[in-house]
Colleague: 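Structure provided below as structure tokens; questions to follow.
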Amino acid sequence: MDHESRTDHESRMNWDDRVTVWDDRLTPAERAALAPGRPEALDRSPDVLIVGGGVVGLAIAIACRRAGLGRVTVVERAPRLAYGASGANGGAIAPDMHLLTDSPEFVAFGRSSRELYRRWDAEWDGALGLWPTRWLNIFPPGAAPHVSRQAPGAAITAAAAFTELDPSAVRELEPDVRVPDGGTALLVDGQLGVNPQRLSAALASRAGQVITGVRVLGVAADGSVDTSDGRFTPGAVVFATGLVPRPWADGVRQRWAKGHMASVAPGPWRLGSVLAGPVGGGTPLADGSVVCGGTFDEDTTTEVRPELSDGLAADLVRVLPAAAGARVSHRWCCLRPWIEGRQPVIDRLPGLDNGWFAGGHFTTGVMMAAATGAAVADWIGGSAVPAGIETFTLPVG
Ligand SMILES: Cc1cc2nc3c(=O)[nH]c(=O)nc-3n(C[C@H](O)[C@H](O)[C@H](O)COP(=O)(O)OP(=O)(O)OC[C@H]3O[C@@H](n4cnc5c(N)ncnc54)[C@H](O)[C@@H]3O)c2cc1C
């Protein structure tokens, strides 16, 4: 059931040592929400049991509760929620960016997720802490895509509401940003950013019974679930474990894809856009810090290689020269769940009447979590595959 390499890493990881730029920015209440521990009385027969307290599991819990599916319990093996990539990623909710790279279903799903986040944040008085972002994609000569995956044949600007900017237009918008000679830029507004730990804390505090430090060991054919803290007999069980657990993992091509991040301390520049593209980039935070990343690394350890984070900061200087010599305040890494096909997988678990899996969100688990939650809740509450996720099927081993 477990992915041993990941388990080994986690037993060596210490939350207090894993300092991301996001950890520093939490309130005591948010920290407490991320570490609920084990409640005295466990609900052993919830209507929905969710395995995995990453952003995807937490969003599923929210959606199930909102759909009126009854009592919900989340079980996380680590001492904290959002312990893996869910608490350490870039915090981008930027579905329109995927017009450049991904399928129509993928983009539509990402856009519906963004809408759900907006709705939840408004209902919860801004508890998610979303902020609006615009993305400036900077391309060296010849590198800019000119057709959209959404509407091949249509120019990218027309098809996708990107605005093409030449270097002088970029200078007007972002005086400190440099476009390589002969290069160009694409601008898209209306995206979101979030502190991923704040997001998970806000979800967790509304997710029903949330338990940390309890590991799911296996699930029997009758749908009962064995854990390190005894047996649960849920109505439905949803694995939100990043990768597909055993025995369903047999034959599925999947792995953790490590990425480094870096945060650059505030400096003497003005930056109002997220900078992206093959040259380098970063996300500006309100205090002037810039978050850069991530890399795609070969190894799957959780060891930080400082030179990889520093490389991201160096790439930022290529598009934001004023960041030369700026201090790198945080260096960290985390692991993306990758399942061949690069889409999220949202599907029933074969052989179980009451089992689902939702994972493989790779580079976009934060962006996709809300829509994933809604789809899983719909499916549990109804009987048919919800619209829009027909292609997100579990690969057959
Ligand atoms: C460098 C980097 C930058 C990124 N930037 C972005 C970004 O800007 N925007 C975006 O949308 N996405 C981003 N991502 C991707 C995003 O972080 C992931 O897709 C997302 O966190 C996956 O969430 P998850 O809940 O599926 O998995 P995880 O966060 O891995 O959570 C799964 C949880 O399940 C628990 N678990 C596993 N097995 C068991 C068990 N047997 N019993 C109990 N608990 C169990 C694990 O301990 C873990 O906490 C980035 C990723 C990386 C690496």
Side-chain angles (χ1 to χ4, degrees), residues 1-4 6-7 9-11 13 20 22 34 49-61 74-95 97-98 110 113-114 117 133 191-197 199-200 203 211-219 225-229 237-246 256-262 274 276 283 291-297 300 302 308-309 312 332-339 342 344-346 357-373:
M1 138 99 32
D2 268 325
H3 313 288
E4 264 324 309
R6 178 66 179 284
T7 308
H9 302 152
E10 284 187 344
S11 60
M13 278 170 83
T20 74
W22 310 118
L34 289 173
L49 178 71
I50 294 152
V51 185
V55 67
V56 171
L58 294 169
I60 293 169
V74 178
V75 180
E76 166 58 49
R77 67 185 175 188
R80 306 276 176 144
L81 303 165
Y83 196 72
S86 291
N89 57 74
I93 301 170
M97 286 294 298
H98 292 268
S113 208
R114 177 179 57 188
Y117 279 131
T133 58
Q191 315 307 300
L192 299 173
V194 72
N195 174 335
Q197 293 192 24
L199 169 65
S200 284
L203 298 177
I211 309 168
T212 48
V214 171
R215 174 186 301 267
V216 168
L217 304 172
V219 52
V225 176
D226 281 322
T227 78
S228 56
D229 202 329
V237 56
V238 184
F239 285 83
T241 47
L243 298 186
V244 182
R246 292 197 189 104
W256 295 105
K258 181 175 176 180
H260 276 77
M261 305 277 300
V274 178
T283 300
V291 179
C292 307
T295 59
F296 290 85
D297 310 331
T300 54
T302 54
L308 295 181
S309 292
L312 292 166
W332 73 96
C333 65
C334 54
L335 303 171
R336 309 167 179 94
W338 177 86
I339 300 173
R342 203 198 179 280
V345 172
I346 303 171
F357 171 78
H361 288 74
F362 192 41
T363 59
T364 56
V366 171
M367 178 175 101
M368 299 296 212
T372 298

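Predicted model only: the values in this text are computed from it and were never measured. Each ligand, and each atom within it, is numbered from 1 in the order the structure gives.
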Colleague: Counting heavy atoms only, name the option from Gly360, Pro245, Ala92 that's nearest to atom 8 (O) of ligand 1.
Modeller: Ala92
Colleague: To the nearest 0.5 Å, how far apart are NE2 in His260 and CH2 in Trp332?
Modeller: 11.0 Å
Colleague: Give the atom numbers and elements of ligand 1 that come within less than 4.0 Å of a heavy atom of Met367.
Modeller: 10 (C), 11 (O)
Colleague: Select the closest option to atom 33 (C) of ligand 1 among Arg336, Glu76, Arg246, judged by heavy-atom distance.
Modeller: Glu76
Colleague: So, 4.0 Å and heavy atoms of Leu58: is ligand 1 close enough to count as a contact?
Modeller: no
Colleague: Using a 4.0 Å cut-off to any heavy atom of Gly365, which atoms of ligand 1 qualify?
Modeller: 10 (C), 11 (O), 12 (N), 15 (C), 16 (C), 18 (C), 19 (O), 20 (C)
Colleague: Using the six-membered ring wherever Trp is involved, compare the ring planes of Trp338 and Phe362 and label them parallel, tilted or perpendicular (cut-offs 30° and 60°).
Modeller: perpendicular
Colleague: Out of Thr20, Val216, Leu81, Asn89, who is nearest to atom 50 (C) of ligand 1 when you count heavy atoms only?
Modeller: Asn89
Colleague: For the CD1 atom of Ile93 and the OG1 atom of Thr364, what is their distance to the nearest 0.5 Å?
Modeller: 11.0 Å
Colleague: Can you tell me if Gly91 has a non-hydrogen atom under 4.0 Å from ligand 1?
Modeller: yes
Colleague: Supply the atom-to-atom distance Tyr117 OH to Met367 CE, rounded to the nearest 0.5 angstrom.
Modeller: 9.5 Å
Colleague: Go through the steps for Thr372 and His361 under the test side chain to side chain contact (heavy atoms under 4.5 Å, CB included), then give the verdict.
Modeller: CA-CA 10 Å; Thr372 298; His361 288 74; 2.9 Å; yes
Colleague: Give the contacting part of Ile93 toward ligand 1: side chain, backbone, both or neither, where contact means a heavy-atom distance below 4.0 Å.
Modeller: neither
Colleague: Taking non-hydrogen atoms only, is Met261 closer than 4.0 angstrom to ligand 1 via side chain, backbone, both or neither?
Modeller: side chain
Colleague: Which bit of Ala358 gets closer than 4.0 Å to ligand 1, counting heavy atoms only: side chain, backbone, both or neither?
Modeller: neither
Colleague: Please list, in number order, the atoms of ligand 1 under 4.0 Å from a heavy atom of Arg215.
Modeller: 42 (N)
Colleague: Could you tell me whether Thr363 approaches ligand 1 through its side chain, its backbone, both or neither, with non-hydrogen atoms closer than 4.0 Å?
Modeller: backbone
Colleague: Under 4.0 Å, heavy-atom basis, I'd like to know which part of Thr295 is in contact with ligand 1: side chain, backbone, both or neither.
Modeller: neither
Colleague: I want to confirm something. Looking only at heavy atoms, which of Ala369, Gly84, Ser86 is nearest to atom 28 (P) of ligand 1?
Modeller: Ser86
Colleague: Would Trp256 count as a contact residue for ligand 1, given that I'm defining contact as a non-hydrogen atom of the residue lying under 4.0 Å from a ligand atom?
Modeller: yes
Colleague: Does some side-chain heavy atom of Gln191 sit less than 4.5 Å from a side-chain heavy atom of Arg114?
Modeller: yes
Colleague: Checking Val216 against Phe239 for the side chain to side chain contact (heavy atoms under 4.5 Å, CB included) test, could you report, in this order, the C-alpha distance in whole Å, the side-chain angles of both residues, the deciding distance, and whether it holds?
Modeller: CA-CA 10 Å; Val216 168; Phe239 285 83; 4.1 Å; yes
Colleague: Just which atoms of ligand 1 are under 4.0 Å from any heavy atom in Val214?
Modeller: 43 (C)
Colleague: Would you name the heavy atoms of Pro196 and Ser86 that are closest together and state the gap between them?
Modeller: CB-O, 3.4 Å
Colleague: Under 4.0 Å, counting heavy atoms only: does Cys334 come that close to any atom of ligand 1?
Modeller: yes
